[in-house]
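Contents: one structure, followed by commentary.
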Amino acid sequence: MKVNIEFENIDQDGEITRSKVPAIMENSGHDYRCVYMEDLSGDGNMTRSTLTMSRFGLRIIRQGEVNTDFIYEPKLVHNTSYKTPYGTFPVSIETKEYRYTEGGDSIMTVNVKYYLTMSGEKPMAMGIKVRMTKA
């Protein structure tokens, strides 16, 4: 099924960045899996992204110019790496709040509040909202 995914990212200063991408969605009964392509740097290099959402968690895997595997689940601390053309950085994601809703004017919506720690620096309070709608 063709869908649109709307992202709303909130950084540690409260700045909001919004984006929208078309995707192909599969429903396995327990979760929704979406695959889409992104030009993260704006220079034409495409990254394949796979997003899996359920009432239990959100996972975003990116493969290409940027390589990540971020998992957001209630009470989870996920240690991973963030690989960019400029190097690979250790990242820790501590999910503080996870809300999942279905229905309304969207197929589903996920709201996450989390702490992001990069390269051992001070944790930053962040947020992400992912909303999936029919294309």
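Positions are given from 1 along the sequence. Both backbone and side-chain heavy atoms feed into the values below; hydrogens, waters and symmetry mates do not.
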>> Check this for me: does any side-chain nitrogen of one of Arg99 and Glu97 sit under 4.0 Å from a carboxylate oxygen of the other?
In response: yes
>> Tell me if a side-chain donor or acceptor on His78 pairs with a main-chain N or O of Asp69 at a distance below 3.5 Å.
In response: yes
> Under a single-linkage definition using a 4.5 Å side-chain heavy-atom cutoff for Ile, Leu, Val, Met, Phe, Trp and Tyr, are Val112 and Leu76 assigned to the same hydrophobic cluster?
Replying inline: no
>> Just so I know, are the side chains of Ile107 and Lys134 near enough to count as touching, which here means a heavy-atom distance under 4.5 Å?
In response: yes
>> Please determine whether residues Val3 and Tyr100 belong to a single hydrophobic cluster, defined as Ile, Leu, Val, Met, Phe, Trp and Tyr linked transitively by side-chain heavy-atom distances below 4.5 Å.
In response: yes
>> Nearest 0.5 Å, please: how far is OG1 in Thr52 from CE in Met25?
In response: 12.0 Å
>> By the side chain to side chain donor-acceptor pair (under 3.5 Å) test, which pairs, at least two apart or in different chains, include something from residues 119-130?
In response: none
> Rounded to the nearest 0.5 Å, how far does CE of Met132 lie from CE of Met1?
Replying inline: 9.5 Å
>> Any non-hydrogen side-chain atom of Thr47 less than 4.5 Å from a side-chain atom of Ser49?
In response: yes
>> Tell me whether Asp31 is salt-bridged to Arg59, with the criterion being a basic N under 4.0 Å from an acidic carboxylate O.
In response: no
> Ring centres of Tyr114 and Tyr72 under 6.0 Å apart?
Replying inline: yes
>> For the CD1 atom of Ile93 and the CE atom of Met118, what is their distance to the nearest 0.5 Å?
In response: 9.5 Å
> Ignoring hydrogens and geometry, is there a side-chain-to-backbone donor-acceptor pair from Thr84 to Tyr86 under 3.5 Å?
Replying inline: yes
>> When you compare the side chain of Phe70 with that of Thr80, does any pair of heavy atoms fall below 4.5 Å?
In response: yes
> How far apart are the C-alpha atoms of Val130 and Leu51, what are their side-chain angles, what is the distance that settles it, and do they pass the side-chain contact (heavy atoms from CB on, under 4.5 Å) test?
Replying inline: CA-CA 10 Å; Val130 182; Leu51 179 125; 4.3 Å; yes
>> Do Thr68 and Lys83 make a side-chain contact, defined as non-hydrogen atoms from C-beta onward lying under 4.5 Å apart?
In response: no
> CZ/Arg33 to CE/Met53 distance, rounded to the nearest 0.5 angstrom?
Replying inline: 12.5 Å
>> Hydrophobic clusters here meaning ILVMFWY residues chained together by side-chain heavy-atom distances under 4.5 Å, can you tell me if Leu58 and Tyr115 are in one?
In response: no
> Taking only residues two or more places apart in sequence, or in another chain, which ones meet Glu65 in a side chain to side chain donor-acceptor pair (under 3.5 Å)?
Replying inline: Ser41
> In Å and rounded to the nearest 0.5 Å, what is the CG to CD1 distance from Asn9 to Ile16?
Replying inline: 10.0 Å
>> Keeping Asp13 on the side-chain end and Glu15 on the backbone end, is there a donor-acceptor pair under 3.5 Å?
In response: no
>> Side-chain heavy atoms nearer than 4.5 Å, only ILVMFWY residues, links allowed to pass through others: does that put Phe89 and Met124 together?
In response: yes
> Any chance OH of Tyr82 has more than 12 other-residue heavy atoms, nucleotides or ligands included, within less than 6.0 Å?
Replying inline: no
>> Taking the basic N atoms (NZ, or NE/NH1/NH2) and the acidic carboxylate oxygens, is any pair closer than 4.0 Å for Glu6 and Arg18?
In response: no
> Can you tell which of Cys34, Ser106, Pro22 makes a side chain to side chain contact (heavy atoms under 4.5 Å, CB included) with Asn4?
Replying inline: Pro22
>> Show the nearest heavy-atom pair for residues Ile5 and Ala23, with the distance to one decimal.
In response: CD1-CB, 3.7 Å
> For Glu38 and Met46, what are the C-alpha separation, side-chain angles and deciding distance, and is it a side-chain contact (heavy atoms from CB on, under 4.5 Å)?
Replying inline: CA-CA 5 Å; Glu38 295 179 280; Met46 299 306 284; 5.7 Å; no
> Closest heavy-atom contact between Ser92 and Asn79?
Replying inline: OG-OD1, 3.1 Å
> For the atom pair CZ (Phe7) and OG1 (Thr17), what is the distance rounded to the nearest 0.5 Å?
Replying inline: 12.5 Å
> With hydrophobic residues grouped by side-chain heavy-atom distances under 4.5 Å, do Leu116 and Ile128 end up in a single group?
Replying inline: yes
>> Tell me if a side-chain donor or acceptor on Ser54 pairs with a main-chain N or O of Phe56 at a distance below 3.5 Å.
In response: yes
>> Assess the residue pair Arg131 and Asp105 against the criterion (salt bridge (Lys or Arg N to Asp or Glu O under 4.0 Å)); give the C-alpha distance rounded to whole Å, side-chain angles, the decisive distance to 0.1 Å, and a yes or no.
In response: CA-CA 10 Å; Arg131 182 173 174 253; Asp105 61 346; 3.0 Å; yes
>> Can you confirm whether the side chains of Thr95 and Glu73 place a donor and an acceptor under 3.5 Å from each other?
In response: no
